[in-house]
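So the structure is just underneath, and the comments pick up after that.
Hydrogens, waters and symmetry mates play no part in the numbers below; they use all other heavy atoms, side chains included. Every chain is numbered from 1 and lettered A, B, ... according to where its sequence line falls, protein lines coming before strand lines.
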There are 2 protein chains.
Amino acid sequence: MSRSRTAYVILGVLAIHSNQSGYEIRRTVQYSVGYFWGESYGQIYPTLKRLEAESLIAKSNSTTASRKRRQEYSITPAGRACLEAWLAVPYQEDPPRDEFLLKLFFGNEVSPSVSIAHVRRFQDKLRLMLASLEQLEPLARANSAQYPGFPFWMLTLSFGKAQLRSALEWSESAMEVLSADEPATTSNPLLADGIPAVQSA
Amino acid sequence: MSRSRTAYVILGVLAIHSNQSGYEIRRTVQYSVGYFWGESYGQIYPTLKRLEAESLIAKSNSTTASRKRRQEYSITPAGRACLEAWLAVPYQEDPPRDEFLLKLFFGNEVSPSVSIAHVRRFQDKLRLMLASLEQLEPLARANSAQYPGFPFWMLTLSFGKAQLRSALEWSESAMEVLSADEPATTSNPLLADGIPAVQSA
DNA sequence: ACACACATGTAATTGGTTACATGATTTC
DNA sequence: GAAATCATGTAACCAATTACATGTGTGT
């Protein structure tokens with residue numbers, strides 16, 4: 001049962017809009033949920049085959065044009081049922097992995113300038129993404145406000161913006177902290193008695 | 001060159017505190033960076049062997065006690081150099097994957113109660129983690145404020161708290177939005193002209 | 001004619017989790 | 001002596017990325 005989540009992403013975007021090719025599905029994913037989800041061709045094409053074999057999607061080279069060498073797909077009723085079933089089950093958390101924070105955590109092992117560079121880079125990225133999301137909003141509003149899914153899309157968008165802004169704020173105070181310095185016991189400072197493990201899964 | 005990041009996590013925790021066994025390293029990781037990083041035994045033990053073969057760590061069954069059937073390791077100068085080199089290179093971003101947001105994005109395909117349940121779950125998790133981090137702080141301060149790495153640990157901790165708080169705030173407004181309802185075009189609403197792809201990598 | 005975007009796919013590899021198997025030491 | 005925790009490891013499997021290979025349609 002626990003099939004790859006790629007399958008559900010495909011079902012999801014086909015549920016919103018039919019007759020998309022593998023190429024286009026990937027683009028759609030990038031453009032719409034790119035902020036928090038990615039898919040590669042190496043994953044998409046095989047999954048399309050599999051989904052078609054299971055009749056959750058069907059070839060639908062139809063409507064617009066089959067003028068290109070492209071294979072369009074649409075979701076089937078079974079596919080829709082499958083998507084809905086998946087959506088209903090509690091989401092699964094992926095193990096967290098943030099290399100930026102990891103490097104920052106070990107910052108004492110290297111020159112402060114290294115950590116400063118990491119934070120700066122982080123900041124730049126944040127600003128880029130925030131600009132990107134802020135730019136996306138009015139366009140999305142203009143283009144898709146009438147779609148029933150719109151409120152949900154806005155919800156994820158506003159989540160993204162909120163996280164980005166909070167990260168940006170933190171990064172500014174972090175830069176301040178990292179501009180001041182003085183660089184020690186034998187009991188493990190990371191594993192002292194009574195410190196509970198961080199809840200993660 | 002591009003070795004598994006598990007190796008660097010191990011080097012990092014051994015750099016902070018020597019003479020830890022695989023078991024203990026894993027616990028240390030959980031307790032200290034668990035909020036944003038995880039490691040499994042299946043990854044740690046083979047990596048320890050590899051690192052020892054490369055002389056980046058060395059067996060050091062010594063100091064405290066070898067009373068248990070346990071193999072302790074310490075970082076070597078070469079290992080330290082390797083860690084430092086890795087820390088200095090720009091962090092790599094992992095492709096984002098947030099199943100919660102994905103399910104929320106497709107929320108229109110199912111009953112609103114489903115999305116509400118997801119957000120509620122998300123909220124609960126957030127509160128748990130925030131409590132966990134807030135509890136961690138004073139303890140960490142008491143136990144390790146004298147360690148040179150402490151400011152960096154606090155930085156990652158405060159990042160976590162900031163993100164959590166902002167997510168929590170968002171979740172509250174999301175719950176409001178999701179408590180009001182009415183549930184269409186043929187051009188792809190997710191892929192309208194002029195919408196730029198979200199910056200992610 | 002050239003370049004670029006569209007389009008589809010496969011193979012190799014990685015990075016990682018999970019489950020399994022086993023056993024020692026401590027604590028009650 | 002039973003249970004919990006400490007402790008080490010392997011095998012099977014999986015999701016996913018990357019690089020490679022190939023070709024078509026459109027616009028300049």
Side-chain angles (χ1 to χ4, degrees), chain A residues 1-10 19-31 34 37-53 57 59 61 64-73 86 92-99 102 188 191 193 196-197 200-201, chain B residues 1-10 19-31 37-53 57 59 61 64-73 92-99 102 188 191 193 196-197 200-201:
Chain A
M1 256 294 122
S2 86
R3 72 179 79 253
S4 161
R5 287 169 306 174
T6 300
Y8 301 109
V9 176
I10 291 175
N19 295 317
Q20 293 189 75
S21 65
Y23 187 84
E24 201 173 1
I25 287 169
R26 204 241 171 179
R27 276 212 321 161
T28 301
V29 168
Q30 234 176 214
Y31 283 53
W37 200 270
E39 287 297 346
S40 62
Y41 293 129
Q43 197 76 338
I44 285 181
Y45 286 113
T47 304
L48 281 171
K49 299 276 172 195
R50 199 160 56 77
L51 288 174
E52 200 209 345
I57 62 177
K59 286 183 175 152
N61 257 23
T64 332
S66 53
R67 63 207 189 291
K68 298 193 174 202
R69 171 182 75 126
R70 76 191 229 134
Q71 185 52 65
E72 298 179 344
Y73 296 92
W86 177 75
Q92 128 191 13
E93 305 224 33
D94 316 68
R97 298 216 129 189
D98 189 321
E99 192 176 307
L102 193 61
N188 186 342
L191 195 55
D193 273 354
S200 171
Chain B
M1 255 296 123
S2 90
R3 72 180 81 249
S4 162
R5 287 170 303 176
T6 300
Y8 300 108
V9 176
I10 292 175
N19 297 317
Q20 294 190 74
S21 66
Y23 187 84
E24 201 173 0
I25 287 169
R26 205 243 171 177
R27 275 211 323 161
T28 300
V29 168
Q30 234 175 212
Y31 281 55
W37 202 271
E39 289 296 346
S40 61
Y41 292 128
Q43 198 75 338
I44 283 180
Y45 286 112
T47 305
L48 281 171
K49 298 276 172 197
R50 199 160 56 77
L51 287 174
E52 199 210 345
I57 62 176
K59 286 183 175 154
N61 255 23
T64 330
S66 52
R67 63 206 189 289
K68 298 193 175 204
R69 171 181 79 127
R70 76 192 228 137
Q71 186 51 65
E72 298 178 345
Y73 296 93
Q92 129 192 13
E93 306 225 30
D94 316 68
R97 298 216 129 189
D98 189 322
E99 193 175 305
L102 193 61
N188 186 342
L191 196 55
D193 274 353
S200 171

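dA5(C) atom P lies 10 Å from atom OH of Tyr31(A), rounded to whole Å. To the nearest angstrom, C1' of dT8(D) lies 16 Å from CD of Gln20(B). To the nearest angstrom, P of dT8(D) lies 11 Å from NZ of Lys59(B). With rounding to whole Å, Gln43(A) atom CD is found 18 Å from dT14(C) atom P. Rounded to whole angstrom, the span from the CD atom of Gln92(B) across to the P atom of dG15(C) amounts to 9 Å. Atom-to-atom, CD1 of Ile44(A) to C1' of dT10(C) comes out at 15 Å; the value is rounded to the nearest Å. Remark: C1' of dC6(C) and CD of Glu72(A) are 13 Å apart, rounded to the nearest angstrom. Following rounding to the nearest Å, Tyr41(A) (OH) and dA12(C) (P) show an atom-to-atom distance of 23 Å.
The shortest side-chain heavy-atom distance between Lys59(A) and Tyr73(A) falls under the 4.5 Å cut-off.
The phosphate of dT17(D) (OP1 or OP2) has a side-chain N or O of Ser40(A) nearer than 4.0 angstrom. Within the 4.0 Å cut-off from OP1 or OP2 of dG9(D), at least one side-chain nitrogen or oxygen of Lys49(B) is found.
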Every protein N/O within reach of nucleotides 3-7 of chain D N/O, cut-off under 3.5 Å:
from: dC6(D); atom 1: OP2; to: Tyr23(B); atom 2: OH; distance (Å): 2.9
from: dC6(D); atom 1: O3'; to: Lys68(B); atom 2: NZ; distance (Å): 3.0
from: dA7(D); atom 1: OP1; to: Arg70(B); atom 2: NH1; distance (Å): 3.0
from: dA7(D); atom 1: OP2; to: Arg70(B); atom 2: NH1; distance (Å): 3.3
from: dA7(D); atom 1: N3; to: Arg69(B); atom 2: NH2; distance (Å): 3.1

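Applying the side-chain contact (heavy atoms from CB on, under 4.5 Å) criterion to Tyr23(A), with sequence neighbours excluded, gives Ser21(A), Arg27(A), Tyr41(A), Tyr45(A). With sequence neighbours left out, the side-chain contact (heavy atoms from CB on, under 4.5 Å) criterion links Lys49(A) to no other residue. Here Arg5(B) pairs with Glu99(A), Asp94(B) under the side chain to side chain donor-acceptor pair (under 3.5 Å) rule; sequence neighbours left out.
Between Arg26(A) and Ser40(A), the shortest heavy-atom distance links the atoms NE-CA, 4.4 Å. In terms of heavy atoms, Val29(A) sits closest to Trp37(A) at CG1-O, 4.1 Å.
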